[in-house]
Amino acid sequence: MRVTLPDGTELELDDGATGADAAAAIGAGLARAALAVKVDGVLRDLSAPLPDGARLEIVTARSPEALWLIRHDAAHVMAEAVLELYPGVKISIGPPIEDGFYYDFEFPDGVTLSEADFPAIERRMAEHVKAAEPFEREDVPVAEALERFRAEDQPYKVELIEDLVRDQGVETVSLYRNGPFTDLCRGPHAPTTKTVKAFKLQSVAGAYWRGDADRTMLTRVYGTAFLSKEDLEAHLERLEEAKARDHRKLGRELGLFEFSEVSPGMAFWLPRGTTLFNQLVALMRELNEDRGYTEVKTPQVYDSRLWKTSGHWDKYRENMFVTEAEDRQMALKPMNCPGHCHLYAMHPHSYRELPVRYAEPGLLHRYEPSGTLHGLLRVRHFVQDDAHIFCRDDQILDEVVGCIELAFATYAIFGFDVKLELSTRPEQRVGDDELWDRAEGVLRDALDSRELGYVVNEGDGAFYGPKIDFHLTDSIGRSWQLGTVQMDFNFPERFELEYQGADNQGHRPAMIHRAILGSFERFIGLLIEHYAGEFPVWLAPVQAVLLPISDRHAEAATVMRDALAAKGVRVECDDRSESIGRRIREAELRKLPYMLVVGDREVEDGTVAVRRHGSGDEGSVPLDAFAARVADETAARSA
RNA sequence: GCCGGGAUAGCUCAGCUGGUAGAGCAACCGCCUUGUAAGCGGUAGGCCAGGGGUUCGAGUCCCCUUCCCGGCUCCA
């Protein structure tokens, strides 16, 4: 038999040869370094027989797949150690993930695991790694595997096998054994456990079996593994550095916002944070205005009647703050759409005026589960840069595409690299399937017309329509939704929205919900982490600070401050009797873009000595020139 | 909401197996009058998250509540 190597050369092998044989045929060094093979692009064990005519690639520590492989190995080694240290543990699944691996366990009653238990588990793992236990694959009939895991009292494995039989009709399953530990596993694995030299357990967490909140809560142990101790150390260091960018820490240090027990999940914005917030509101107003949106303002609290019309009372009430006044049931708005629909319906509309685009930086309240709150990234009180477009059928595609383009144009200002998701009809929904077919089709067409890549999240849409979401990851790799474009034929029906057509008849408009930043709160949280608190000039709450060298320069500096402020520069004057070194240090720590030192020379010449954050003294410039520079940078929203 | 872990001065954190709370920074008051990342001295500051219990005695042990952290489910 023969196989083809990545460089195109062909290799002649005995029939039944394995990946290991192939590696050995190429060279002894490669044979030693080989961890697995890729056969026609699929990762396989080194010990698996190769099919004739395969495209073959030897996977070594240098291959991109190597980390995935050894993290999977590490998960098995961890399960092995946990099973030994905690007899009676039930094992479920343990896959490699981005940056590491985890394994989900069910511990016996009364046993809880905490990070304090990690050293003992890690020690046991290290012993198994040192022993270089081979990973041995065995393909066994389903009946035998079931019998085995039933005998071992491993109900999760039994369930997994039963589901494989039911859903995929499998007749055999593969088991992997390392040392005394055997796991149901698709594989592949490295030849032995010895490649798992550099690993670390990181955290324990709860996780529902099969991600189902109605099922058992398992104990998930997260860890990571690398091919070398150096790589592991570097990774742990990166995590430490990421913590320094955490928006919750920077938000407090930079005096942007606070949280308090008296209002969980709702931010208190300090003056500087509010300035930042308002810059973004101004940006969105400008962008919206350029694209034909008109701003509206709608109420906070509505009679439950409105929420019954929209469907929120049925499908969304769990997430709403409900209250009572004058014997009426009222609720704070969790979304702006019903208010906007109601507003649209209050006046007749002609086909000539469509599309109607109502924008509103709308304050929303959502009663989010307590365990999900997370700094500014998940709150109960937030402002959405929301808009609703009411349009004719023939305008839908252009409008959806326009929203997508606005989103990309906006993210480009910040250098955000977003990922797209298309979410389709959920189980909890209003409207018939025909409307959903249409709505999902429009969104797909819009994405395809711009040749945009996206992943599909089946069943993840809003209860009134499918949506395109824009996602961004935070400093430690968690993904958060920013903007959204949602197609909706349901609300126009429920609110009986109409416009008068050229035929003088009433017609139903289509509706598009869209937010670009998503919420200002979440966006600012991500912005803080993105810039590590070093905001560009246009966003910086304080753009410059004047630093008079000594008390005798304070008056001149104060006059300069007022002059700059009059030209729109957000400026402070730090004339405390502290050393200039101290005041520069503090301004640097506050990450202020500009420090303006004023001494004898500057007072004399009407100049300031400009120091840019992070890059030192840039020399003196006339005060007016500095003001012009800041004005330019602010207007351009650059730098 | 669920699982696990936390909560000590404004901030970051000490406080061994129970014996009536400590540091650095910040703050405040002086002095210094300063040329590009910490000048010097002094003062004040805590119902140890809240509530119950065990104990002669609780920041320390137990229970409950609240909030926070890491995940899961859910979501902008």
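Side-chain atoms are counted along with the backbone in the values below, which use heavy atoms only and exclude waters and symmetry mates. Here is how names work: the chains are called A, B, and so on, in the same order as the sequence lines, proteins then strands, and each is numbered from 1.
For the OP1/OP2 pair of G70(B) and a distance below 4.0 Å, the side-chain nitrogens and oxygens of H374(A) include at least one atom meeting the criterion. Note on R252(A): a side-chain N or O is less than 4.0 Å away from OP1 or OP2 of U12(B). Side-chain nitrogen and oxygen atoms of S370(A) include at least one within less than 4.0 Å of the OP1 or OP2 phosphate oxygen of G1(B). An OP1 or OP2 oxygen of C74(B) is reached within less than 4.0 angstrom by no side-chain nitrogen or oxygen of R366(A). Between G71(B) and R478(A), a contact under 4.0 Å exists linking OP1 or OP2 to a side-chain N or O. Within the 4.0 Å cut-off from OP1 or OP2 of G4(B), not a single side-chain nitrogen or oxygen of Y222(A) is found.
Residue R514(A) is classed as having no contact, given no heavy-atom separation below 4.0 Å to the nucleic acid. At the heavy-atom level, Y102(A) lies nowhere under 4.0 Å from the strands shown. Using a 4.0 Å heavy-atom distance criterion, K467(A) is classed as a sugar-phosphate-only contact. No engagement by A587(A) is indicated, since no non-hydrogen atom pair under 4.0 Å with the nucleic acid exists. A205(A) comes within 4.0 angstrom of a nucleotide base, judged by non-hydrogen atoms across all strands. Looking at heavy-atom distances under 4.0 Å, D469(A) makes no contact with the nucleic acid at all. No engagement by L218(A) is indicated, since no non-hydrogen atom pair under 4.0 Å with the nucleic acid exists. Nucleic acid contact class of T112(A) (heavy atoms, under 4.0 Å, all strands): sugar-phosphate only. G599(A) comes within 4.0 angstrom of a base, heavy atoms only. As judged by a 4.0 angstrom heavy-atom cut-off over every strand, R215(A) is placed among residues making no nucleic acid contact.
The OH atom of Y103(A) sits 18 Å away from the P atom of C72(B) (whole-angstrom rounding). To the nearest angstrom, P of A76(B) lies 15 Å from CE of M320(A). Protein atom CD1 of I584(A) is 15 Å distant from nucleotide atom C1' of G39(B), rounded to whole Å. For the pair R378(A) CZ and A76(B) P, the computed distance is 8 Å after rounding to whole Å. Distance D104(A) CG to U73(B) P: 10 Å, rounded to the nearest Å. L270(A) has its CG atom 13 Å from the C1' atom of G10(B), to the nearest Å. Whole-Å rounding puts the R552(A) CZ to G35(B) C1' distance at 11 Å. Between E368(A) atom CD and A76(B) atom P there is a gap of 8 Å when expressed in whole angstrom units.
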For H340(A) and V296(A), run side-chain contact (heavy atoms from CB on, under 4.5 Å): C-alpha distance rounded to whole Å, both residues' side-chain angles, the deciding distance at 0.1 Å, then the answer. CA-CA 8 Å; H340(A) 287 185; V296(A) 297; 3.6 Å; yes

Candidate pair H388(A) and F491(A), rule ring-ring contact (aromatic ring centres under 6.0 Å, His included), full reasoning: CA-CA 11 Å; H388(A) 294 93; F491(A) 280 1; 8.3 Å; no

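Closest approach of S620(A) and E602(A) over heavy atoms only: OG-OE2, 3.2 Å.
With respect to E241(A) and R238(A), no salt bridge is recorded, no charged nitrogen being found less than 4.0 Å from a carboxylate O. A salt bridge does not link K90(A) with E159(A): every distance from a Lys NZ or Arg NE/NH1/NH2 to an Asp or Glu carboxylate oxygen is 4.0 Å or more.
Shown for residues 572-583 of chain A: residues whose heavy atoms fall under 4.0 angstrom of RNA chain B, namely S577(A), E578(A), S579(A), I580(A), G581(A), R582(A).
Evaluated for a ring pair (Phe, Tyr, Trp, His ring centres under 6.0 Å) with H530(A), the options Y411(A), F416(A), F414(A) yield exactly one hit, F416(A).
Side-chain atoms of E602(A) and base atoms of G35(B) include a donor and an acceptor less than 3.5 Å apart. Residue side chain R590(A) does not reach the base of A37(B) through any donor-acceptor N/O pair under 3.5 Å, judged by distance alone. The base of G1(B) sits with one of its N or O atoms less than 3.5 Å from a complementary donor or acceptor on the side chain of Y208(A).
Using atom C1' as the reference point in both A7(B) and U55(B), the two lie 24 Å apart (nearest Å). For the C1' atom pair drawn from G50(B) and C31(B), the interatomic distance equals 44 Å after rounding to whole Å. Going from the P atom of C62(B) to that of C69(B) covers 24 Å, rounded to whole Å.
If you check C68(B), C67(B), A37(B) against the side chain of L373(A), the one that comes closest is C68(B). Checking C2(B), C75(B), G5(B) against the side-chain heavy atoms of R522(A) singles out C75(B) as nearest. In the set U34(B), C69(B), U36(B), U34(B) carries the atom at the smallest distance from any side-chain atom of S550(A). Of the candidates G71(B), G4(B), A76(B), G4(B) carries the atom nearest the V204(A) side chain, counting heavy atoms from C-beta on. Checking G1(B), C67(B), G5(B) against the side-chain heavy atoms of S114(A) singles out G5(B) as nearest. Comparing C67(B), U34(B), A37(B) by their closest approach to the side chain of D551(A) singles out U34(B).
Taking the six-membered ring for Trp and thresholds of 30 and 60 degrees, H312(A) and F463(A) have ring planes more than 60 degrees apart, a perpendicular arrangement.
Nearest-nucleotide positions on RNA chain B place A207(A) closer to the 5' end than the other of S519(A) and A207(A).
Seen from the ring of F101(A), R71(A) does not count as a face-on cation partner, given the 6.0 Å and 45° thresholds.
The side-chain ring of F382(A) is stacked on the base of A76(B), judged by centre separation under 5.5 angstrom and plane angle under 30 degrees.
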